[in-house]
Structures are given as C-alpha cells and as structure tokens.
Amino acid sequence: MSDMKGTKKKFQIAYMFCLPWLIGFVCFTLFPIGFMIYNSLTNRKLTGTSSFVGLANYRNMFKSKVFWNSLRVTLFYTIVMLVITTVWALVLAILLNNKIKLNGLFQFFYFLPSVVPTVALAYAFRTMFGKDGGLLNAILGSLSGKNVTINWLMDPKTVYLAVFFVTLFTYNTGQMMLIFRSGIADVPKDLYEAVELDGAGSWTKFWHITLPMISPLVLFNAVNGAISALNGSFALLYPLSGENGDPKGMTQVLSLLIYKEAFSNMKVGYACALSVVLFVIAALFGIVIFAISKKTVYYET
C-alpha cells in the first residue's frame, strides 16, 4: 500500500513539473490553432467584424488561380530548398571533419551569416543582387569588361537561382551543418578501418558507413528543414520579392499570400483558411518523411 502511495506521489510530482509546459502548450499552441480554424469559417476582417460563413472561404480558395499558383510554388520551394540545404550542409560537414589548417576559422565564418536575422540577411543579398550598383553585377562587369545589368531577383530566368543561393546561408543550413558534423565525428573509427582492409574507397565508406550511421540525423534535419521552409519562408522571401512574390508570382509561397490577404486585403478569415492549408501541408510533409524513414533510417541497437 505504501508503495502505491509512493508511486502516486511521484506521478503527481512529475505532472507538477510538466504543468508549466502544458499551460504554455494550451495557451500558445492549441488555442491559437483552434481559434485559427474557427476564424477560417468566418468572413472576419482586420477591423474585427465577422460572421459565420461555413466553408465559403475554402470554396473560394479552391476556385482561385492565385491560390493554386501559390500552392505549386510552395511545394516546389519547400522540396528544392530541403534538398539543397540538406546536401550542402552534409558536404560542408564532411569537409569540416577533415583535419586541415584553419578548419575552425572556416566554420566560424560560414556559420556567422547563419546567426544574422533572416530579414537582415535577405536585405543584404537583395543589395548584392541589385540591377544597378549590385555587387554581383559589378563583379561580372569587371570580369567581362561590359556593363552588366541583370535584375537577378526580378528576372524569371534567374530568380530561383538567386533565391536558392541565399538559402545556403540561412540559420537552418548552418544548424544542419553543425548537427551533421557532430554526427560524423561520432561514427566509430573501427568501421572505417575494417572496410579499408577490404580496399574500400572514400565513396564506399560514405555510402555504406557514414550515411547509414548518421541517417537519424538526416531524418531530424529533413523534418526541421521542411518545417523551416514552410514556416520561415516569409522572413526570407518578403524582403527579396515582396508580398506578390515577384516576378509574376514565381516566389509567392503560401506564407506571403497569407500576409497579403490578412494585412493588405484585410481578409483575416480567408487568410486563416490559407493558414489551415499550410498547417495541413506541414503535417503531410512530416508524415511522408517519417514514412520514408522507416525503410531508410538505421538505428544502432
């Protein structure tokens, strides 16, 4: 009987320690999500006036060409950004694990832009990619001996090259790099020594030892990278392309469209419906990644 009372007391103490987190989760996560879903069923305006309209916002959304373009751009941007940043972070982590001079200095200078606020980083690159007086055009002009005036962020042929180049210097990429580096450093050395005796090369060691051993970290970075691409794209793309996702809506992801509808068009209810769709997309990305990981991720037992 005393053991049961002791166990019950331990559970009560555990719940007491969890209570602050539970309160924060209900107040700052669960309630906002529920409130967002409710508002998506109303025609709420930024002025505060609203009335219940049911699924009208969703019907209007699925009839909108702007929404379907934004959805396509969002999926394209998320998938490409996820692949590029993950691969780039892994390549850098492998290079940083090689014992070369000034390795730590290189890591410091690469990670430094990652801790700069995303908005400030985006405005800096916007200046570099500028048509007139931009640093990139100046470098190309000095190399070619001609006056280069490419509008990198407003030309449909170059906008994606510029945007995805900027993503290589975001906080998410730098964080991935550090996680991969720590994981690669923890791979047992005797595994490499064993395959070297069989004449394995660098590619074989990476594909059959390094990658399987760090596959849980690949999963972790993939999930975080997908969520970051979906939710953090606004801070990067708004300074680069504006709320319309110029040029021609090629960079208008859902987060930009949500901002435009809520604060420019003052359609808060419609913006909440768009937010629900974005929430569902983020959940689906997580489900798909975890489903793929069941066959690809190796856990050491």
Side-chain angles (χ1 to χ4, degrees), residues 75-116 121 125 128 136 139-140 143 158 160-230 232 236 285-301:
L75 296 176
F76 172 75
Y77 174 82
T78 303
I79 294 172
V80 175
M81 180 181 174
L82 177 61
V83 173
I84 289 177
T85 55
T86 303
V87 172
W88 179 245
L90 181 57
V91 170
L92 288 176
I94 293 172
L95 293 176
L96 289 172
N97 271 279
N98 295 326
K99 295 181 179 179
I100 57 177
K101 292 183 179 181
L102 303 178
N103 201 333
L105 187 64
F106 171 76
Q107 178 179 334
F108 169 77
F109 279 112
Y110 180 81
F111 190 72
L112 188 61
S114 304
V115 299
V116 175
L121 182 72
F125 274 103
M128 292 174 61
L136 183 56
I139 294 174
L140 294 175
L143 294 175
T158 59
Y160 286 135
L161 292 175
V163 167
F164 289 123
F165 179 78
V166 177
T167 61
L168 299 178
F169 300 92
T170 58
Y171 171 77
N172 185 57
T173 309
Q175 185 185 43
M176 284 185 181
M177 178 190 69
L178 294 181
I179 293 173
F180 278 139
R181 187 186 181 189
S182 63
I184 294 173
D186 290 337
V187 176
K189 304 300 181 184
D190 55 347
L191 295 178
Y192 293 119
E193 295 172 358
V195 295
E196 285 175 357
L197 294 175
D198 295 331
S202 299
W203 175 252
T204 302
K205 289 189 289 185
F206 169 77
W207 190 256
H208 293 285
I209 295 178
T210 306
L211 194 57
M213 294 299 292
I214 66 170
S215 55
L217 298 182
V218 176
L219 171 62
F220 176 79
N221 282 335
V223 174
N224 280 349
I227 295 174
S228 176
L230 289 167
L236 180 68
F285 262 96
I287 292 171
V288 171
I289 292 173
F290 275 107
I292 295 174
S293 70
K294 292 180 180 180
K295 296 183 179 180
T296 57
V297 176
Y298 167 77
Y299 293 101
E300 189 175 7
T301 58

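This chain uses plain numbering: 1 for the first residue, then up along the sequence. Since the model is a prediction, treat every value here as computed from it, not as a measurement.
The stretch residues 186-199 participates, sequence neighbours left out, in these side-chain hydrogen bond (donor to acceptor under 3.5 Å, both in side chains) pairs: Tyr192-Thr210, Glu196-Lys205. Applying the salt bridge (charged side-chain N to carboxylate O under 4.0 Å, His left out) definition to pairs two or more places apart or across chains, none involves residues 103-115.
Atom CZ of Phe164 sits in a crowded spot, with more than 12 heavy atoms from other residues, nucleotides or ligands closer than 6.0 Å.
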**OP:** With side-chain contact (heavy atoms from CB on, under 4.5 Å) as the test, would you mind laying out the steps for Leu219 and Ile289 before giving the verdict?
**Re:** CA-CA 7 Å; Leu219 171 62; Ile289 292 173; 3.5 Å; yes
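The shortest non-hydrogen separation linking Phe206 to Pro212 is O-CD, 4.2 Å. Listed here is the closest heavy atom pair of Met177 and Ala93: O-CB, 3.7 Å. Closest approach of Gly183 and Leu217 over heavy atoms only: CA-CD1, 3.4 Å.
A donor-acceptor pair under 3.5 Å is formed between the side chain of Thr173 and the backbone N or O of Thr167. A donor-acceptor contact shorter than 3.5 Å links the side chain of Ser215 to the backbone of Tyr298. Side chain of Thr78 to main chain of Leu75: no donor-acceptor pair is present (N/O by atom type, distance under 3.5 Å, no hydrogens or angles). At distances below 3.5 Å, at least one donor-acceptor pair connects side-chain atoms of Thr86 with backbone N or O atoms of Leu82.
Contact of the Leu90 side chain with the Ile214 side chain is registered, since non-hydrogen atoms from C-beta on lie closer than 4.5 Å. Residues Tyr77 and Leu236 are in side-chain contact: their nearest non-hydrogen atoms beyond the backbone lie under 4.5 Å apart.
The aromatic rings of Trp207 and Trp203 lie parallel to each other, their planes meeting at an angle below 30°, with 60° marking the opposite boundary.
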